[in-house]
Amino acid sequence: MNFLHRTVGLLVAATSLTLPVVAQTTIVAPTGSTAGTYMDYMKTVYDRGTGSELLQIPLATFDKEFELTPMAAESWSQSEDGLTWTFKLRDGLVWSDGEPLTAEDYVFALQRAATSGYDFAWYWDFAGGIQGWKEVTEGTAEASTLGVRAVDDQTIEVTTNAPKPYFPSVTSLWYPVPKHKVDELGDDWALNVDSIVSSGPFSIESWEKSNNSVVFVKSDTYTGPWQAQVDRLELDPTLAAPEVGLPAFLAGDADYSFLNTGQVPVATQRFPDGIRQNAVFATSYIAYDLEAEPFNDVDVRRALYHAVDREELTSTVLKDIAIPAGSILPPGYPGYSEDVVAQATFDPELAQQYLAEAGYPDGEGFPPIEIWIREEGGYNSAIVPAMAQYLQAEFEEILGIDVSIRSLPGPEWMDGMRGKRNNIFIAPYEYDYLDPSNFYGIFYNGGRHNYFVPEYDALVAEADAEADWETRVELYEQAEQVMIDQGLIVPLVHPITTAVISEELGGEASEPNSLGFTPLDRLGHYFFTHLTK
């Protein structure tokens, strides 16, 4: 027995010495961003480090059904006059260095943004409407006068210029900034892995700016909702191009890859259960200079509205990398209306009738036009040029008008549109926050296109301030009816992205939502915390 015990003991000891280290689960994912200067979303959005928002916890964010979900804030309430919001933080939130995460860290984030030349500052004026924001960003008032304050360590109070019933959705892009680290290091706190602290479900393991790679690991201090289900997350921007991503996926070096139009049929045949479509919540549309001939005539604009075969455009030309658009709002976006969409019919006879009523029967006498498109990267690069060529042919065939195409760099295109140096544009727009006010706001009171339409502006202003959701939606529908009746835009397509995912991936995030979309990295907080391997 003693021998047996000794033998078993030796075997146990030997076995314990040779036990393999428990394998870590790692997901290798493409990402669309490039390496930036700071790993701090509240310092810079456009020059931020890849995935920096995953390191921090917003007050609220969206789940796979695009429903707003509490994160750092466990609850919120609105005052009777609609002007003040009170957010209550959860108990036990901490920074990765052990410091408590408090309301002051959120307040500091916005005060710093308003006074430091933040490149996303417009968002808090346009979307948030925070009281005093404009004055502080213009330097005519102190940051302390902003309508944001910490009532105590767990209570944030926000005052807006007008009732903003959708304000909680705006907070999905409100991340805390560690005041204690900024006090110690200034902006250098977000320059290097050694000094970066996090408050979200991931902390940072490595960040190699030279080769554009970032590795996050599951945070062991995070106590908020949506804990990470995998140990490591490698974000690799070089995999974002499908031409690179798909070969890496096939070699087992990536867990999913976005697909270009040529890859979709092959990948679908080989991985029929692995194909996912991703809602972008963007719209490409035709916009005009409403004061310039020939588009100062509503009948001309209505002719183009009915001269587009959106089904043929998306299925044949774009090979299903986009879906038809009948509204400025994409399907699934809050406030989307089938009644609005149903009016965007392809009706060549009606289009020709409108053009004739404008004085151009069969296009006779219609001046040659040049449609301006913006040089694009990402998903729009595959959509906009091909779409412009399709429209060129369609308008000539159906309406008898001569269309040429001019592609411009982004700044020149925008200057041309704002400065009215051309009369017709293809304009892509992707949402900033999930509320109808985002899309309708781009045409409000000048907005993106120098449109000043009093009837439209009045409806949007009323909707923006309306507390009752159903009433708001009705008002936005009326506003879009004004757009339709006056032919302010021609909605064309809503882009979608298509990807193939590994059969090793699981969890809620790997499955489509009720609309058939899998959010993938566009809802990063949800996606990367609800994915298993």
Side-chain angles (χ1 to χ4, degrees), residues 40-46 48 53 56-60 68 72-73 75-89 101-180 182-183 186-187 432-435 437-438 440-442 444-448 457 460-467 472:
D40 179 359
Y41 190 96
M42 301 303 290
K43 168 66 180 175
T44 168
V45 171
Y46 303 115
R48 69 187 188 276
E53 54 270 42
Q56 310 302 347
I57 180 172
L59 288 182
L68 189 64
S75 66
W76 49 77
S77 58
Q78 188 177 20
S79 62
E80 286 190 11
D81 65 4
L83 295 175
T84 301
W85 288 90
T86 302
F87 295 86
K88 289 287 186 181
L89 298 186
L101 174 63
T102 69
E104 186 62 37
D105 291 313
Y106 287 91
V107 172
F108 174 70
L110 285 190
Q111 289 179 335
R112 172 173 169 257
T115 54
S116 61
Y118 185 40
D119 54 19
F120 209 55
W122 60 268
Y123 176 81
W124 295 101
D125 185 38
F126 168 69
I130 293 176
Q131 193 174 80
W133 185 268
K134 186 177 177 62
E135 292 79 4
V136 174
T137 55
E138 291 178 346
T140 60
E142 298 293 325
S144 59
T145 64
L146 269 184
V148 181
R149 72 184 186 105
V151 177
D152 54 43
D153 282 352
Q154 289 182 278
T155 308
I156 302 170
E157 191 175 271
V158 181
T159 304
T160 56
N161 291 318
K164 295 278 184 180
Y166 55 86
F167 188 82
S169 69
V170 174
T171 70
S172 64
L173 297 181
W174 187 359
Y175 303 96
V177 171
K179 185 175 184 300
H180 64 288
V182 177
D183 288 344
D187 290 335
D432 292 300
Y433 60 99
L434 278 173
D435 187 85
S437 58
N438 189 182
Y440 291 112
I442 62 180
Y444 174 73
N445 191 28
R448 188 189 196 200
D457 287 349
V460 170
E462 186 178 355
D464 282 355
E466 172 58 50
R472 284 190 74 209

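Between Y118 and K43, the shortest heavy-atom contact is CD1-O, 3.4 Å. In this structure, K179 and D105 approach most closely via the heavy-atom pair N-OD1, 3.3 Å. For the residue pair P168 and A60, the shortest heavy atom distance occurs at O-CB, 4.1 Å. Closest heavy-atom contact between L89 and D153: CD1-O, 3.9 Å. Here the closest heavy-atom approach between residue I130 and residue G147 is recorded as CG2-N, 3.9 Å. Listed here is the closest heavy atom pair of V136 and A143: CG1-CA, 3.9 Å.
Side-chain N/O atoms of T155 and K88 include a donor and acceptor closer than 3.5 Å. Y106 and T102 share no donor-acceptor pair across their side chains, judged by distance under 3.5 Å alone.
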query: So D432 and W122, side chain to side chain contact (heavy atoms under 4.5 Å, CB included) or not? Walk me through it.
result: CA-CA 11 Å; D432 292 300; W122 60 268; 3.2 Å; yes
query: Going through the distances and angles, do W174 and M42 end up as a side chain to side chain contact (heavy atoms under 4.5 Å, CB included)?
result: CA-CA 8 Å; W174 187 359; M42 301 303 290; 4.3 Å; yes
message: Applying side chain to side chain contact (heavy atoms under 4.5 Å, CB included) to L146 and Q131, what does each step give before you reach the verdict?
response: CA-CA 6 Å; L146 269 184; Q131 193 174 80; over 6 Å; no
- request: Tell me, with the steps shown, if R472 and D435 meet side chain to side chain contact (heavy atoms under 4.5 Å, CB included).
  value: CA-CA 11 Å; R472 284 190 74 209; D435 187 85; 2.9 Å; yes
Salt bridge (Lys or Arg N to Asp or Glu O under 4.0 Å) assessment of E53 paired with R48: CA-CA 9 Å; E53 54 270 42; R48 69 187 188 276; 3.1 Å; yes
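When the salt bridge (charged side-chain N to carboxylate O under 4.0 Å, His left out) test is applied to E157, the partners found at least two apart in sequence or on another chain are R149.
To the nearest 0.5 angstrom, D152 atom CG is 7.0 Å from Q154 atom CD. Put simply, CZ on F167 and OG1 on T159 are 9.5 Å apart, with the number rounded to the nearest 0.5 Å. One distance of note links CG of D183 with CZ of F108; it measures 6.0 Å at 0.5 Å rounding. Note that the CD atom of E138 and the CH2 atom of W133 stand 12.5 Å from one another [nearest 0.5 Å]. Distance check, rounded to the nearest 0.5 Å: CG of L434 to OG of S169 gives 7.0 Å.
The shortest side-chain heavy-atom distance between Q111 and T115 does not fall under the 4.5 Å cut-off. Taking the side chain as every heavy atom from C-beta outward, W124 and V170 approach each other to under 4.5 Å.
In summary, of the residues considered (L110, L59, V151, T171), a side-chain contact (heavy atoms from CB on, under 4.5 Å) with I156 occurs for L59 alone.
Y433 has its ring centre less than 6.0 Å from the ring centre of Y166.
Within a 6.0 Å sphere centred on CD of E142, heavy atoms belonging to other residues, nucleotides or ligands number 12 at most.
A salt bridge (Lys or Arg N to Asp or Glu O under 4.0 Å) check over residues 112-125, counting only residues at least two apart or in different chains, returns the pairs D40-R112, R112-D187.
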Distance-only donor-acceptor pairs under 3.5 Å for side chains of residues 80-87, two or more places apart:
from : atom 1 : to   : atom 2 : distance (Å)
D81  : OD1    : S79  : OG     : 2.6
D81  : OD1    : L83  : N      : 3.0
W85  : NE1    : K164 : O      : 3.3

